[in-house]
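Start at 1 with the first residue, then count along the sequence.
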Amino acid sequence: MVAVSPADRGQIEKFLDVHGPYPFEIYGDPELNVYREMGNHRFTTLKSLMYVGAGILSGKAKLSDIVPREEKKRELFFSAVKNQDVNVQGSSWLFDRDGEVLWKHLDDSPKDHARVKGILEQVRKLG
C-alpha cells in the first residue's frame, strides 16, 4: 500500500507525528501532478465551504466534527488548510504487478472515500 497526499514532506511529517506511524509510505504531491494524471478532481473553495455549510445547517455535521478538539490535531488541521490544497478529492486504486489498473474509485466529495471493507472486497473478487 502507498498513500499520496497533496502535501509537502513537512506537512506529512506533522501528520505522522500526530496520527502515525503507518505501516506504509506516504508520499507528497503538493503540485498535484499525480492527482491530475490519475483523473482526480477538486472542489473550488466556494464549493467546499458550501458543502461544509450545508452539512452544518442541515444538522448532519457539527463544527466539532470538522475541527478537531485535541490541540495537536487542531493545529495540524489548520496547518493543512493553510499549507495544502484541501479541496482535492482523493481516490483509491488497485494495480496488478505490471502496473495495470484493476479497480479504482474516484471520490466525488469529501465523504465519498472508498471504505477499507469495500477495497478488501474488490481484492477478493480480483483474487
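- By the 6.0 Å contact criterion, CD on Glu37 is open, its count of non-hydrogen atoms from other residues, nucleotides or ligands being 12 or less.
- Criterion: ILVMFWY side-chain heavy atoms under 4.5 Å apart, direct or through other members. Under it, Val101 and Met38 are part of a common hydrophobic cluster.
- At a threshold of 4.5 Å between non-hydrogen side-chain atoms, the residues Asn40 and Leu106 count as touching.
- For Glu75 and Lys82, the salt-bridge test fails: no basic side-chain N is under 4.0 Å from an acidic carboxylate O.
- Smallest separation of non-hydrogen atoms from Val4 and Asp29: CG1-CB, 3.7 Å.
- Hydrophobic clustering of Ile, Leu, Val, Met, Phe, Trp and Tyr side chains at less than 4.5 Å, counting indirect connections, keeps Val86 apart from Leu49.
- Between the His19 side chain and the Lys73 main chain, no donor and acceptor come within less than 3.5 Å of each other.
- Of the inter-residue distances, the one linking Lys104 atom NZ with Gln122 atom CD reads 13.5 Å to the nearest 0.5 angstrom.
- Closest approach of Pro6 and Leu32 over heavy atoms only: CB-CD2, 3.6 Å.
- Relative ring orientation between Tyr22 and Phe24 is described as tilted, the plane-to-plane angle lying within the 30° to 60° band.
- Separating the OG atom in Ser5 from the CD1 atom in Ile26 is a distance of 7.5 Å, to the nearest 0.5 Å.
- Interatomic distance, Asp8 CG to Glu13 CD, rounded to the nearest 0.5 Å: 10.0 Å.
- Between Trp103 and Val123 the shortest side-chain heavy-atom distance does not fall below 4.5 Å.
- For the atom pair CG (Asp107) and CZ (Phe43), the distance works out to 9.5 Å, reported to the nearest 0.5 Å.
- Following chains of ILVMFWY side-chain contacts shorter than 4.5 Å, one cannot reach Leu102 starting from Val2, and the two form parts of different hydrophobic clusters.
- Summarising the geometry of Gln84 relative to Ala7, their closest heavy-atom pair is OE1-CB, 3.1 Å, with the distance given to 0.1 Å.
- The environment of CZ in Arg115 is crowded: more than 12 heavy-atom neighbours from other residues, nucleotides or ligands sit within 6.0 Å.
- Hydrophobic clustering (side-chain heavy atoms under 4.5 Å, transitive across Ile, Leu, Val, Met, Phe, Trp, Tyr) keeps Leu94 apart from Val116.
- Here Glu121 does not pair with Lys117 in a salt bridge; the nearest charged N to carboxylate O distance is not below 4.0 Å.
- Between Ser91 and Trp93, the shortest heavy-atom distance links the atoms OG-NE1, 2.7 Å.
- Atom CZ of residue Arg42 and atom OH of residue Tyr35 lie 12.5 Å apart, to the nearest 0.5 angstrom.
- Closest heavy-atom contact between Ala114 and His105: N-CD2, 3.6 Å.
- Contact check for Gln11 versus Ser79: side-chain heavy atoms found under the 4.5 Å cut-off.
- Residues Arg69 and Ser64 have side chains in contact (heavy-atom distance under 4.5 Å, counting atoms from C-beta outward).
- At a threshold of 4.5 Å between side-chain heavy atoms, the hydrophobic network of Ile, Leu, Val, Met, Phe, Trp and Tyr places Ile56 and Phe77 in one connected group.
- Put simply, the side chain of Asp108 reaches to within 4.5 Å of the side chain of His41, judged on heavy atoms.
- Residue Glu71 holds its CD atom at 12.5 Å from CG of Leu76, rounded to the nearest 0.5 Å.
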